[in-house]
Every structure is written in structure tokens, then in C-alpha cells.
Amino acid sequence: MIETEGRDAEDIWKDYKTLFNTNNLNKLDVTEFNRVLGVFVKNLTIPGAYGKMLSIFQDMRDMAKVKPDESTYNIMMSMYLKKKDFKGINLCFGDMQKQNILPNTITYNIMIKAISKLDKSDTAMALYSEMVERKIRRNEKTFTMLFCACSARRNVPQAHQFYRIMLNEGLQPDIYTYNAYINVIARNAKDLKELQKAMDVIKQMREQGVNPTLVTYNILIKALQAMGKRTDALHLFNQMELEGVKPNSSTLEGIGITGLQALLKLRNTYKVTPSHTDFNTCMDQALKESKYTDAMEILSYMQESGFKPNVSTYSILMNAHIRQNDMIRAMGLFTAMKNDNVEPDNYIYASLIDGFVAQNDVEQAFTLVSHMLESKIELNKMTINRLIDTASKSKDPKLVQRVFERIERLTVPSKDACERVLWRIAQSYDIPVVEKYLKIMNKHNHIINRETFTAIITGASKGCNLTQARYWYNQMIEQGISPDHMLLSMMIRAHADDAKEIDKTLSLWNDFHYFGIAPDDDDIMYVLNLCAETSHWRDEIKILGQLKELGYDADSYKARITEKKQQSNDGTESKMDPDEEYYEEYGEYLKTRSANTSIIRVKERMQKWVRDIAKISSQKMDDNAKSRVEQWTPYRKPQLPIMGTKG
DNA sequence: GTAGGGTTAG
């Protein structure tokens, strides 16, 4: 009834609407509905695709009286996954059970992917067991997604477990599975030794005839960069080159090459055509480094290469304006974007709304919220938390209250959101106001637990209201909730930083013992230092005694404290240890030196390329495009003047 | 394949 082969989504929609209007939808069967839905899920960026899918799904049941099958649900779930809507996915999954539609491998794969992407819980193993119980076949994709879930939960042991299970089930990992597995290990590796395990996996995969790809190298290089192992990253980069694997912007970022320079290298050295992502990434980097001229060149080059600005492009540019508090230009881009038929998504809205909140313009912010809701984009947790956090940064504690009040009118704020507000309230107000917000939280049926108290106590400490911090700390204990290590550590530091609170600090120290929490190295040194600095030598001896009793190496702590004391007694003018002083100065020198040489180098390379590009772009771009590009790029002058340009 | 997989874009 509806031809989908090789036709674009808009035409298919027209055909569908014709059937709808002529009351002929009942001529479509489930397969045909699925085929049509499938077209839209692949083209979710076309305007209104999401709404169209929802109405097709509804028409299918209400008008055509066609019962959705597991494929229909899979398609809808896939749509929700792309929309990052976990609620929708769960609803579909629940509906399937209610209607006795059996989920298949794909359903579960989507569910696992969703929990790794959207849910906080660690239910990967539970879903896997469910598949086993219900005898639903697993495949390599299932395990790839299970590894994703492990990565999101930072659960490396579970990843190893899944790897063994996979081999036991007779499934041969392919490059995707291997990369996902390697990713879990690499992302969580704290040092080279832990990263070695990822290298071992690579050895295994090579033995299986699967060679590392760009993605594999990017994962490893990024991990090395995160560890600060620049030399090792470069080494790996060289190995990658030797194997003939070409880098992309992400690889280059891993070895410290960003922005225009990165694109230059991709084009000139590696002869690769940058992708849309490469352009966006590099432009974002340039904007964040305040290299506005570069950003403009990147934008032109991107358009010449046939890439139209997409949501991310717009978002990157808008955020650059928002960082400069220029909401007018940001809103201008918002209009331009809609004129370009690029649909704003929740990131776009979140950035704009947040920008207005940052400027104290609550009215404008919430006008945009209502626009957002009108276009069927929900006010999600991410947006709410972002607004509250931004409002919290204001000196005026009323801002967060106003924002929160507006949010309450639209939705039930999450527990997390309430706690963020409490954190800020406790910084500026005393007990009764905090109590008021606790009541609000209670009204929304949120449990008040350790997390809640931690938010309040941390807030009060940050606001230097230690009396209130102690009040809530005691309240918490009265409720039968014990502090955890983080909270106790934080309390001790907050009290120790205030010279008047030494006795309170020492009584908090006893809580480690009282609540059976083991103090760590930092805690111990912190308290011992405090005793030493304030000449509380009796307490010092007592604490060292306690430590010995508890099996700590008290002598080594004693030695470290004595050493510190001697240093400060040496009577040098600076409190800093001479080595530290030297390194600090030397470090500054090194920083300026390397910055200067690299600036010169970048400048030289840039000039050449910018000239090239400028030539091409003036030929290729029409005037309209040129003025658009100029209008988009943040106007602030580049901080580093570019030599060789006119003037 | 009507639906599902790896690193980087806001």
C-alpha cells in the first residue's frame, strides 16, 4: 500500500496521510506499519519525526485495529532510545508483557543499551539472566551492549565475567565486542599496569585474526592521555601510523592537537576528509580556546565540504555565545536554526534556558521552557539539575528558590533536584528555612536519608555555618543514620580549617571509631597536622596510640609529623618546602616557554592554511552563506593576533 | 533486516 523503497520520509508521510484522510488505514497490515515506522526511526532528525511516529503508532491501534507485534515495539523502543527517553522504553517493555508479546533478542539488546545509557541502576546482569531464563538467544551484539553497561557502571570485574560467559556460550567476539570490552578496561585503568590488561585483550584478538582499528586506538590513546602519559600516547600513535590506521580528530586530541591545527593535520598529513563530527569537534575546541578566527575558518571549510550545520553545530556555536553572556546572539542562532529546518532538541533548550538563568532572567528562561514543552520535549532531569546548579552559583540565594518554585509548578522535582536546592539553601539560610525545604521534599514523597543530610551538611559547611552543619549532623544521627566516610572526612576538614573548632574536630575524629569507619591516610595526616600546628600534643599522642591499637603503622605517621614539625621550625621565611618552591617557579617558566613556541608554530601553519581556505571559500561560497557564517561566529577578537592577515 | 553494537561532537 505504501512504497518505502528508495523514497524519502516526507513523501512516505504524504502517502500515509492520504490513507489516513480517506479512512483507508485498515488496509495496512502490521508488516506495513512496521516498515513505515522503520523509515522514520532511521530519519529522526527530520522535523516532527518523533511526533509522526507516535501518531502512527496510535492510529495503528485505534483506527486500523492492528495489533502491534514485537517488531513494532522494538522500533518504538529504538525511537525512545534515540530520544534518550527511558520512561518510554520501560512503558513499551511493560506493554509487551501485558499483551503477551514475547520480547526477542533485539528487545533485550535495546533494554541493555538503555540501562547503560539512561538508567542509574546496575541491572545488566539481571537482564542477562532474564534472557537465559526465558531462553532468548544472545548474540555478539548482546555482549557488546553488556560491556557498555559495565563501562557505564565502571564495573570492570563484571566485564571480565561477561567475557568468559560469552566464550562459554560459544560466541566469537568481533571487532565491536572487543572494542567495547577494551573500553571498559581502559576507561577504568588507573595506571599502566591496569591498562596492560587491555593490551592483553588486543593480543588475544590479533591471534583470532581481528586487528585493532581506529576506534581501538582512540580508546587506548584517550586512556593514556587521561593518565597523563603523553609519551606513551605518542608511542601508541606511532604504532597506529605504522599499521596504516589513519587518525581522526579524537585521536589527535588524545595527543594534544586540537582545533584548526587538527583539521590541518588530517587534511595535509593524512589526506583524510574530515567528517561532520571532526568539524564540529574541532570547531568546539577552537571556540573554547578563544580562537575565534580559527572557528570561523573551520565553519566555512565545513560548509564547503558539503556538511550542513546540524544540531550539534548550532549547539556548539550557541554555547560559545552563552559563555560570553550574549543571549541575543544565542537566540538569533536559535531562530536561524529553526529557519534551517534543524529541530532543536533538549540540549539546545537546556543551554538557552540555562543561559537565561545565569543572567537572572527567570521569566525568559521559563518562557522558553513552555516553548519546549509545546514542542513535545520534556523537561527532563538533566535540564532541571542544570538549571538548579546554575541558579545555585548566583550570589543571590533567592534565584535558586525562584527557579525551584517555577519547576514545582510544572513537574514534581526529583529527590536529587530537591537536595541540590537544599545544598544551596543551607549555605545562606539558617535552620528554619532548611526545615521549610525539607517539608517541601516530604510533600513530594521523597525519602529523607543520608544523601539528603549530606547535601545539607555540605552546604552549611560551604556557607561557613558550622553550627548548622553540626545541628544537621546530630539530627541525622538521631534519626538512626550514620555518616559515611566522605561525610565524616568533609566535616573534619571543615572544622579543622576553622581554628576555633579544634575540640569539635577532635570529637568528630572519635566518630571514625564510634561508627566503625576506617580513616584513610589523608584523614590521619590532617588531624595529626592540626594537633601539631595547634600544639595539642596530648591529643596527638592519644591519636597515635589509637592508631597503633587499630593496627595502623603509627610510627610512620609519627615520623612524618615530626619531619613536618622540624621543617617549620627551621625558621625559613617561606613555609613551602624548598623543592616545592623550586618546582613551582620552574613549572611556571616551562609553561610560558612551551606556550610561546607552540603558539609560533601554530601561527605559522595556520597562516598558510587559512590563506588557502580563504581563497577557496570566497570562490565557492555564495554571499548569503558568507554573511551567515559571519553572523554565527562569536564576535570577540581573537586573543592571539594572527600575523600576516591584512592590517 | 521494519528494530539492536565500539571511541570523540553540544
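The structure presented is a predicted model; accordingly, all values stated were derived computationally and were not measured. In what follows, chains are A, B, ... by sequence order, proteins preceding strands, each numbered from 1.
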Tell me which nucleotide among B/dT2, B/dG5, B/dT7 gets nearest to the side chain of A/Met145. B/dG5
Could you go through the side chain to side chain contact (heavy atoms under 4.5 Å, CB included) check for A/Tyr217 and A/Gln239 one step at a time? CA-CA 9 Å; A/Tyr217 279 109; A/Gln239 191 188 324; 3.7 Å; yes
Residue A/Asn218, side-chain atoms from C-beta onward, closest of B/dT7, B/dG6, B/dG10: B/dT7
Do the side chain of A/Thr144 and the main chain of A/Glu140 share a donor and acceptor less than 3.5 angstrom apart? yes
Mark yes or no for a side-chain to base donor-acceptor pair under 3.5 Å between A/Thr177 and B/dG5, with no hydrogen or angle criteria applied. yes
Could you check how far OH of A/Tyr108 sits from P of B/dA3, rounded to whole Å? 21 Å
Quick one: A/Leu220 CG to B/dT7 C1', roughly how many Å, whole number? 10 Å
Whether the side chain of A/Asn139 and the base of B/dG5 hold a donor-acceptor pair under 3.5 Å is what I'd like checked. no
What orientation do A/Tyr181 and A/Tyr163 show, parallel under 30°, tilted 30 to 60°, or perpendicular over 60°? parallel
Classify the ring geometry of A/Phe147 against A/Phe143: parallel below 30°, tilted from 30° to 60°, perpendicular beyond 60°. tilted
How is A/Cys148 classified with respect to the nucleic acid when contacts are heavy atoms under 4.0 Å: base, sugar-phosphate, or nothing? sugar-phosphate
Could you work out the separation of B/dA3 and B/dT7 based on their C1' atoms and round it to a whole Å? 24 Å
Is there a donor-acceptor pair closer than 3.5 Å between any side-chain N or O of A/Lys135 and the backbone N or O of A/Val132? no
Need one value for A/Val36: base, sugar-phosphate or nothing, where a base atom within 4.0 Å counts as base even if backbone is also close, heavy atoms only. nothing
If you check the A/Ile219 side chain, which of B/dA3, B/dT7, B/dG10 turns out closest? B/dT7
Can you list, in residue-number order, the parts of residues 160-168 of chain A that come under 4.0 Å of DNA chain B, counting heavy atoms only? none
The side chain of A/Ile348 is closest to which nucleotide in this list: B/dG10, B/dT2, B/dG6? B/dG10
Spatial distance of atom CG (A/Leu214) from atom OG1 (A/Thr251) [nearest 0.5 Å]: 4.5 Å
What is the distance, rounded to the nearest whole Å, between atom CG of A/Asn104 and atom P of B/dA3? 13 Å
Would you tell me whether A/Thr142 and A/Asn139 have side-chain atoms, one donor and one acceptor, within less than 3.5 Å of each other? yes
Among B/dA9, B/dG6, B/dA3, which nucleotide has an atom closest to any side-chain atom of A/His276? B/dA9
If I take atom CG in residue A/Leu236 and atom C1' in nucleotide B/dT7, what distance separates them, rounded to the nearest angstrom? 13 Å
Has the side chain of A/Asn280 got a donor or acceptor atom sitting under 3.5 Å from an opposite partner on the base of B/dG10? no
Side chain of A/Ser78 only, heavy atoms from C-beta on: which candidate in B/dA3, B/dT7, B/dA9 is closest? B/dA3
A/Lys141 has a side chain; which of B/dG5, B/dA3, B/dT2 sits nearest to it? B/dG5
Ranking B/dA9, B/dG4, B/dG5 by distance to the side chain of A/Asp174, first place goes to B/dG5
Spacing of A/Ile112 atom CD1 relative to B/dG6 atom P, expressed in whole Å: 13 Å
Of A/Lys82 and A/Ser275, the one whose nearest nucleotide on DNA chain B sits closer to the 5' end is A/Lys82
A/Asp278 atom CG is separated from B/dG10 atom P, nearest whole Å, by 13 Å
Is it the case that over 12 heavy atoms from other parts of the model lie below 6.0 angstrom from the NZ atom of A/Lys117? yes
Full working for side chain to side chain contact (heavy atoms under 4.5 Å, CB included) between A/Lys308 and A/Asp340: CA-CA 9 Å; A/Lys308 278 173 51 182; A/Asp340 254 7; 5.9 Å; no
Residues from residues 240-250 of chain A sitting under 4.0 Å of DNA chain B, heavy atoms only? A/Ser249, A/Ser250
Where the side chain of A/Ile316 is concerned, which of B/dT7, B/dG10, B/dG5 is the nearest nucleotide? B/dG10
Please lay out, stage by stage, how A/Asn26 and A/Lys65 fare under the test side chain to side chain contact (heavy atoms under 4.5 Å, CB included). CA-CA 7 Å; A/Asn26 52 0; A/Lys65 308 284 177 208; over 6 Å; no
Can you establish whether the number of heavy atoms outside A/Leu242 located under 6.0 Å from its atom CG is more than 12? yes
Residues, nucleotides or ligands: over 12 heavy atoms within 6.0 Å of A/Lys82 NZ: yes
So A/Asn310, base contact, sugar-phosphate only, or nothing? Heavy-atom distance under 4.0 Å. base
Any donor-acceptor pair under 3.5 Å between the side chain of A/Asn179 and the base of B/dG5? no
With A/Tyr349 as reference, evaluate A/Asp354, A/Thr383, A/Leu368 under the side chain to side chain contact (heavy atoms under 4.5 Å, CB included) test and give the passing residue. A/Leu368
Check whether the side chain of A/Thr213 and the base of B/dG6 form a donor-acceptor pair under 3.5 Å. yes
Choosing from B/dG4, B/dT2, B/dG6, which nucleotide comes nearest the side chain of A/Asn34? B/dT2
Mind running a 4.0 Å heavy-atom check of residues 125-135 of chain A against DNA chain B and sending the residues that fall below it, in number order? none
